[in-house]
Amino acid sequence: MAYRKIYLIFLTAFVLTALSACEDKWEEHTALQDAVLKENLLEPINTNPNLSRFAEYLKKSGYDELLKSSKLFTVWAPTNEALVAIDQDVVNDPEKLRQFVGNHISYQQYYTYSPNPSLRIKAINGKYLVWDRSTETIEGASVVEANMQRGNGVLHVINKTLEPKPNTWEYLNSLTVGERQKEFINSQSFDFFDPNLAEQTGVDPATGAPVYKEGTGIVWRNTYLEKVRNIMHEDSLNTFIVLTDNAFEQEYNKISNFFVTTSEDSTRELTSWNVVKDLAFRGLYTPENLPDTLVSLFGVKVPIDKSAIVSSFRTSNGMVYVMNKADVRIKDKIQTRIIEGESAIRPRDFSTDQRNDRIHYRYRSNASNNHDLRVYDHGQNSGMWVRYQLYNVPAGTYKFYMKAVKDFGTADLTQRLAIGDFTQTTTFPAVTIPMYQEEEQYLGEYTVDKYGKLTMFVISNPVSGSDLNPIVLDYIKMVPVL
Amino acid sequence: MKKKLFKSLRRAFPVVLLSLGLFSCDKLIDVQPDNALEQDQFYQDKFDADAAVIGIYGKFLNLAEHHIILNELRADLMAVTPAARESMVQLSQHTVTPDNVYADPRPFYELIVNCNDVLTNFDRMKDESKMSQADYAERYSDIAALRCWLYLQLAIHYGNVPYFTEPLAKITDITNLTLSDLSRFDKFTLDQMIDELIRVMEALPYEEQYSPLNSLNRSIDGYNTRKFFINKRVLMGDLYLWKGEYLKAAEQYKTVMETPTSVTGASNEFDSYKIKWADVTNHNDLSVGYVRYADQDVTALIDNNTQGWKSMFIRPMDGLFNEEWIWALPFDYTFGQKTPFVKLFSNVGGDYLVKPSQHAIDLWESQVQRNGFPWDQRGRWSWKMQNGQPVVMKHIYNFDPVNPLQTNGKWFLYRAALLHLRFAEAANRDNQHKIAWALLNNGGAAFDDPDITDVREELDTFEPFPYNFAFRSTNTPYFRDIYHRSAGIRGRANLTYLSIPGGISSQDSTIYIENKIIEEAALELAFEGHRWGDLVRIAKRRNDPAFLADKVYAKLVKAGNPNADAVRAKLMHPQNWFLPFRME
């Protein structure tokens, strides 16, 4: 009897244990305790009556679907009052609306305590938003209700809309002043055909070349954006000067005679290019921290007269100043040029490729760039030459100097510089430079009549004897006469 | 009947079983291992002895890291990186605590105990006529000399260390060697150790390298073993140099300089260990050289893995290698060996723990080449900038980060340039300034007297052994003296020659020349594991601790170490030159 009782007790205990085991204690432990975290970001926006307009635009722009997804977002939702003033053009243009709404959403979660002291946050439309902790604003808007955490991100309610700013390129094109500059920069645009992007429809039976569908594979490009600075790019900050037409004219006339070529068109093109190439700067210079001189990407100093600023505008990727004067000094624009002796390439730039072991790129601590060139014991008794080819040389008169330190042997150094043609002896006669002379030797003046390529030669003394006919060259210096 | 039989079987069965069990015990317990030998089965003939020698050197390879770190990081040419371990930082700034791994001399003693065991067994083999007297003499002397080298290193770094030559076979496991095991032995100071080691070395039955027909001289897996074994004469020379017996030291070094070392036996007496001149046409040399006629051209530097000074750290053990290297051991990954140097030095594939000191870099950059370029190319080959960090390259040229498992390399222990500098150090102290200066500078050219026209009257030291050097190379009369290709250490490195300031006394010039020899050793031999010994030896000889302290100070100051002054003050007391001796 007692046995049976014990059996029953055991059975009961077993069944109870088994039943209780059905509840997963661990799952309970890890389960989300906060019900709101099961919601996505769209739900609090849709349920908050004060955000109904924003909810409507989200739906209209299609971004509501994005906010249901499982990525992480930060949403800065403007209140209904803030959205009252919105331009109806924006609301009615789907593309503009998408830009506008996209400017209020970013990937990743940012809380009010995230910026320290400030953050540049990339919104999903590609523009950057500045969130400043000290003023507690994002792009000038204050947070009304902060840090509402949901399953896929965080929501802040703000009291102003975040209008997408134009970038510098867009702003330049919207300007009504600075027409010449705008026109020139736009004239640098061209359509480029990229076969990788084009749709191939077949193969030309005659030539075997691919045939592409008309109108595909065309890429818009702009030389100014590629060679000076891409002011379209949202990721880097820049400062940009727009000259009024008068100021542009002034700068243009100042330098146009240095860009004389064979045609007027190309002269205009070159001169304009040389005016605008120095008007973009790396980094953000706001009016508060604007220095009195900026250095362009080509090393040219540009004086900034604050009284000449007509207007300024903060774009999404920098600052634009419209100015009625930017008086760049000619000597900063047309710079002294130094041609290093060691820049000649062996054997390409020498009169013979049979004496390569006699062409020496020497290390000399007293030399410019620590190196010079020596051609020694070359045996070319009628003269050996080395050639230097220069490109983009502005027209005008230059003073020529030569530095060559002969620190070997016993004889002084005699050699000659020729422009254009190595047989030409009239421009500069042969010079004799005393041994160990560290000073530059003045050779004389020469006028370059057209902008473009300039070829020059250094020719050895046409005599025999390794100590009498070497070439030594640290550098040639061309100083423009202005 | 049947039942009865069964019954008796049943009774007998346990007895049979039991007796079977008892018999089998005998063999069951005493099974002979298939792949190992019992101690009394080993040491049966000279090939067993060869295996023991190879085994000792195989284990010796494990000391490479200790050797380089102790001798370089404690001195002035090598510095720690931010990644270095605390133990290395302590070594570098001389604040070694007893728990530092480098304060543990056990790696040295483990090998010493092995050597003692091998030597005891060699004695037994000789007594039991298992090895001929000649075979015994060569092998015994080799291992005994290696043991002397280990003791010298111990004494240089730890100062007062136990010295014993017993095999300690009773100690069951030498990896558990403790200080108390060694405490019963006498401790020797550095001076006492040098005396004892000289006594041992002088008593060795054999002083040369293994004779050409010895079975240890052979090619194993593509490596010729000739340079694996310690050179007893350079060790003796070093010991005499420590002792201050300069003539005896010079005699030993000079004998090595003139050892023919060719594999084939053909004479290369002009090239081997002579610091040979540059091969200006083909550049098959160990010099700092430029394309002929283009020595003024920075782009004409001979800079590849098979020619020039750099190649001695890269090339296989070929003819040119053998002209320079006296003692070097390979690490070959195909045998599971791994060079420890990649881990120490490389910043691609290694841990980048140590680097060249700024002090060393400045020393190289303050030299002037004979073409006027203001640097020492040996420096630019000893280390280089790699990904913006200065990296010691000498030991890791054979490592290719693309094949990180091919951890090949060599442990470089002794070479001709070191031999010449050590000879010069001895000669200089023995008042033979001119030949010392010539070997350091421009070799035979120093004895070319423009006032003498008869070549028989010049290009010769006209001194007796060991200072007899003849440098003539003329056709009429025909001379090819054996040192005629000697270029001098600085000559081979394409550096300008030094000159002794005028008007200084003989005493002062001895010091001046010695300073320059030690400086040249830094330029030529940096990171090869000789520096700390050089500094201790000279400081001790001159009784001038500042010689050592100032150099370490210079390294620390240039590294911005705030303790530099304190370290200098500490090193002004010679007892602080030694590491704490720890064993537990």
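A quick note: this is a predicted structure, and the numbers were derived from the prediction, not measured. All values below were derived from every heavy atom in this structure, side-chain atoms included, with hydrogens, water molecules and symmetry-related copies excluded. Below, read A as the first sequence line, B as the second, and so on, with proteins coming before strands; counting in each chain starts at 1.
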K.L.:
Taking heavy atoms only and a threshold strictly under 4.5 Å, list by residue number the residues of residues 357-393 of chain A that touch chain B; give 'none' if the list is empty.
P.N.:
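The stretch touches chain B at A:D357, A:R358, A:I359, A:H360, A:Y361, A:R362, A:Y363, A:R364, A:S365, A:H371, A:R374.
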K.L.:
Among the options B:V298, B:T299, B:D297, pick out the one with the most heavy-atom pairs lying under 4.5 Å from chain A.
P.N.:
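It is B:D297.
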K.L.:
Looking at A:R337, I want to see if its CZ is surrounded by more than 12 non-hydrogen atoms of other residues, nucleotides or ligands under 6.0 Å.
P.N.:
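More than 12 within 6.0 Å, yes.
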K.L.:
Verify the neighbour count for atom CD of A:Q108: are there more than 12 heavy atoms of other residues, nucleotides or ligands below 6.0 Å?
P.N.:
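Open.
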